[in-house]
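Accompanying notes for the structure given below.
Values below: all heavy atoms of this structure, side chains included; hydrogens, waters and symmetry mates excluded. Quantities reported herein were computed from a predicted structural model and do not represent experimental measurements.
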Amino acid sequence: MSLAVAKPELAIPANYSIQPAAKEHLRAIPAIEVAAVSTFAEADIPLEIRYRVTDPDVLEDARAGGRLWVALDRNDRAIGFAMLEIMDGLAHLDEIDVHPDHAMQGIGSGLLRKTIDWAMGVKYPAMTLVTFRHLPWNAPFYEKFGFCEIERDALSAELRELLQDEAATGLNMENRIAMRLSLE
């Protein structure tokens, strides 16, 4: 059975673009991560982990593998990014962030659409992610694209381990869910 992937209207402003990340974009990503985390309450992202950023080697690996995209402003400055990894033989959205100065303009939707299109193009059967269930720009946002919650007893070993790692950092697991989008 083939399921149609939801395609919300995407209309990022003309003064932005989304493209595969180049090496020179990598140094901008930590500042985007720190700025984006400022939109979360401390109850959601504890102070102890608020300033953690993605290891440069992980970013380079994703870039080299074609699994990292950036959103650029009219001056070609990176203002957002999305990064996939491969988990359980599926595309997994590891992180997606947009600098708060550029939020609510469809940039996050554009980045997410790029990741979905890539995963479909390389024939992954599904895409997964882990997010907050209670924040409107998290689980409800992904639901608009067709992502559905994965029940805890149906989690793969790798997703279960990822959630356990998050719990160890102090994240409230009652607010965290894993989601899946079928791409077949």
Side-chain angles (χ1 to χ4, degrees), residues 10 12 16-40 44-103 105-122 124 126-132 135 137-138 141-142 145 147 156 158-159 161-171 176 178-181 183:
L10 297 179
I12 65 170
Y16 293 99
S17 65
I18 297 173
Q19 66 182 49
K23 257 191 190 307
E24 62 267 18
H25 299 130
L26 300 184
R27 67 180 158 269
I29 290 176
I32 297 167
E33 290 177 297
V34 170
V37 83
S38 72
T39 64
F40 291 87
D44 292 321
I45 308 286
L47 190 58
E48 299 80 36
I49 61 171
R50 286 184 89 74
Y51 301 102
R52 288 186 187 171
V53 295
T54 305
D55 183 278
D57 291 337
V58 172
L59 292 173
E60 174 53 29
D61 182 59
R63 186 203 65 76
R67 298 176 281 105
L68 181 63
W69 296 263
V70 291
L72 303 174
D73 68 10
R74 77 185 95 186
N75 298 313
D76 289 328
R77 287 183 302 230
I79 53 86
F81 76 99
M83 181 173 64
L84 290 175
E85 64 179 72
I86 309 308
M87 182 182 289
D88 297 318
L90 305 174
H92 178 80
L93 182 63
D94 184 65
E95 188 167 356
I96 185 168
D97 287 326
V98 175
H99 192 286
D101 291 348
H102 302 273
Q105 297 185 60
I107 297 164
S109 294
L111 285 163
L112 182 58
R113 172 55 48 208
K114 285 286 186 187
T115 65
I116 292 169
D117 288 348
W118 180 87
M120 291 177 74
V122 294
Y124 281 102
M127 188 167 156
T128 60
L129 60 88
V130 173
T131 193
F132 288 102
L135 299 174
W137 67 91
N138 279 199
F141 167 76
Y142 296 114
F145 284 82
F147 283 86
S156 68
E158 286 186 83
L159 280 173
E161 182 179 343
L162 177 61
L163 286 167
Q164 289 169 348
D165 291 346
E166 287 189 352
T169 69
L171 291 177
R176 298 294 281 168
M179 301 182 85
R180 178 184 169 107
L181 173 67
L183 301 175

Between [X] and [Y], what is the shortest heavy-atom contact and its length?
| X | Y | value |
| --- | --- | --- |
| Ile45 | Arg50 | O-NH1, 2.7 Å |
| Ile107 | Ala71 | CG2-CB, 3.4 Å |
| Ala21 | Val70 | CB-CG1, 3.8 Å |
| Val53 | Pro30 | CG1-O, 3.7 Å |
| Ala36 | Pro100 | N-CD, 3.9 Å |
| Gly108 | Ile96 | O-CD1, 3.5 Å |

From [X] [atom1] over to [Y] [atom2], what is the distance, rounded to the nearest 0.5 angstrom?
| X | Y | atom1 | atom2 | result |
| --- | --- | --- | --- | --- |
| Glu33 | Glu95 | CD | CD | 4.0 Å |
| Tyr142 | Thr131 | OH | OG1 | 5.0 Å |
| Leu84 | Lys114 | CG | NZ | 13.0 Å |
| Tyr124 | Trp118 | OH | CH2 | 4.5 Å |
| Ile79 | His99 | CD1 | NE2 | 9.0 Å |
| Leu93 | Phe145 | CG | CZ | 11.0 Å |

Hey, are the side chains of [X] and [Y] touching, using non-hydrogen atoms and a 4.5 Å cut-off?
| X | Y | answer |
| --- | --- | --- |
| Met120 | Ile116 | yes |
| Arg113 | Ile18 | no |
| Arg67 | Asp61 | yes |
| Ile49 | Leu171 | yes |
| His92 | Leu159 | yes |
| Met83 | Val58 | yes |
| Leu183 | Leu90 | no |
| Tyr51 | Val34 | yes |

When you look at Met179 and Met127, which way does the side-chain contact (heavy atoms from CB on, under 4.5 Å) test go after all the steps? CA-CA 8 Å; Met179 301 182 85; Met127 188 167 156; over 6 Å; no

Please answer whether the main-chain N or O of Arg77 pairs with a side-chain N or O of Asn75 as donor and acceptor at a distance below 3.5 Å.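 No, because the side chain of Asn75 does not come within donor-acceptor range (under 3.5 Å) of the backbone of Arg77.
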
Where the side chain of Glu158 meets the backbone of Asp88, is there a donor-acceptor pair that is under 3.5 Å apart?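 Such a contact is found between Glu158 side chain and Asp88 backbone.
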
Within a reach of under 6.0 Å around CZ of Arg27, are more than 12 heavy atoms found that belong to other residues, nucleotides or ligands?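 No, the 6.0 Å shell around CZ holds no more than 12 heavy atoms from other groups.
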
For Ala103, which residues count as a side chain to side chain contact (heavy atoms under 4.5 Å, CB included) partner, sequence neighbours excluded?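 Side chain to side chain contact (heavy atoms under 4.5 Å, CB included) list for Ala103, sorted by chain: empty.
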
Would Leu72 and Tyr16 satisfy side-chain contact (heavy atoms from CB on, under 4.5 Å), going step by step from the backbone distance to the final call? CA-CA 5 Å; Leu72 303 174; Tyr16 293 99; over 6 Å; no

Quick check with a 6.0 Å cut-off and a 45 degree axis cone: is Arg176 positioned over the face of Phe132's six-membered ring?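 Positive - Arg176 is close enough to the ring of Phe132 and near enough to its axis.
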
Could you give me the CA-CA distance, side-chain angles and deciding distance for Val98 and Gln105, then say whether side-chain contact (heavy atoms from CB on, under 4.5 Å) is met? CA-CA 10 Å; Val98 175; Gln105 297 185 60; over 6 Å; no

